[in-house]
Amino acid sequence: MTPISLGANVARRIIFVENDPLVLEFLNDLVSDVGYDCLLFTNPLDALEAIRHSQGELALVTDLFMHPMLGSDLAAEFRRLHPGQPVIIMTASVERVLPHIAEGDIVLRKPFWGRDLLSIITELHARECQLFGEGKLPVAKPPA
């Protein structure tokens with residue numbers, strides 16, 4: 001994979017919240033390989049605390065159905081604290097996610113290919129590069 005060229009003012013960090021540690025490790029490896037920093041959480045309450053004290057994230061990527069808090073509730077707080085920043089909701093049950101998503105949320109159906117997530121992140125990054133007018137647009141080769 002080719003690392004993404006990141007402008008100085010463009011967000012580099014993605015918050016991942018997933019209750020399965022193996023999936024979380026996969027997500028971390030996937031986006032770290034192309035130049036992003038990750039904050040990783042298996043517990044949505046821990047993620048919520050970090051969201052309250054963080055700034056400059058490119059996106060929140062969260063599982064929907066977790067305990068003790070739904071990913072949609074976590075996403076609502078992220079949107080409140082970081083207006084305009086995108087939310088990607090991962091779920092195996094798209095039908096069950098519909099009542100829980102907000103306008104503008106991106107739904108990624110499990111199981112998904114790593115290149116699907118990279119494509120979404122690349123698009124979000126390109127949009128941010130255009131907003132800030134700095135850095136090159138990202139060029140990421142999806143995994144084979």
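Residue numbers run from 1 in the order of the sequence given.
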(request) Output, in order, the C-alpha distance, side-chain angles, deciding distance and verdict of side chain to side chain contact (heavy atoms under 4.5 Å, CB included) for L124 and I106. (result) CA-CA 11 Å; L124 294 174; I106 300 164; 4.1 Å; yes

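- Rounded to the nearest 0.5 angstrom, I121 CD1 and D116 CG are separated by 11.0 Å.
- At a threshold of 4.5 Å between non-hydrogen side-chain atoms, the residues R109 and T91 do not count as touching.
- When side chains are defined from C-beta on, S72 counts as touching L64, because their heavy atoms get closer than 4.5 Å.
- Of the possible polar contacts, one joining the H82 side chain to the I51 backbone as a donor-acceptor pair under 3.5 Å is found.
- For E77, the salt bridge (charged side-chain N to carboxylate O under 4.0 Å, His left out) partners are R52, R80, not counting sequence neighbours.
- Closest approach of G114 to L30, counting heavy atoms only: O-CD2, 3.5 Å.
- Proximity of L60 to I88: side-chain heavy atoms (C-beta onward) are nowhere separated by under 4.5 Å.
- Considering all non-hydrogen atoms of both residues, M66 and D63 come closest at CE-O, 3.3 Å.
- Closest heavy-atom contact between V17 and P44: CG1-CA, 4.0 Å.
- Residues V61 and I15 are not in side-chain contact: their nearest non-hydrogen atoms beyond the backbone lie 4.5 Å or more apart.
- Proximity of a side-chain donor or acceptor of D29 to a complementary backbone N or O of F26 within less than 3.5 Å is not detected.
- Note: F78 CZ to T62 OG1 = 10.5 Å, rounded to the nearest 0.5 Å.
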(message) Working note: F112 + M90, criterion side chain to side chain contact (heavy atoms under 4.5 Å, CB included); need CA distance, chi angles, decisive distance, verdict.
(response) CA-CA 9 Å; F112 56 86; M90 305 175 294; 3.9 Å; yes

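- In this structure, the side chains of F16 and L39 stay at 4.5 Å or more apart for every pair of heavy atoms.
- Applying the side chain to side chain donor-acceptor pair (under 3.5 Å) rule to pairs touching residues 15-28 yields E18-K110, N28-S32, sequence neighbours excluded.
- Inter-residue side-chain proximity for L45 and L74 is flagged as unmet; no heavy-atom pair is nearer than 4.5 Å.
- Summarising the geometry, atom CH2 belonging to W113 is positioned 13.5 Å from atom CG belonging to L118; distances are rounded to the nearest 0.5 Å.
- Taking all atoms of both residues into account, the shortest heavy-atom contact from L40 to C38 is CD2-CB, 3.7 Å.
- In this structure A102 satisfies the side-chain contact (heavy atoms from CB on, under 4.5 Å) test together with R79, D105, sequence neighbours excluded.
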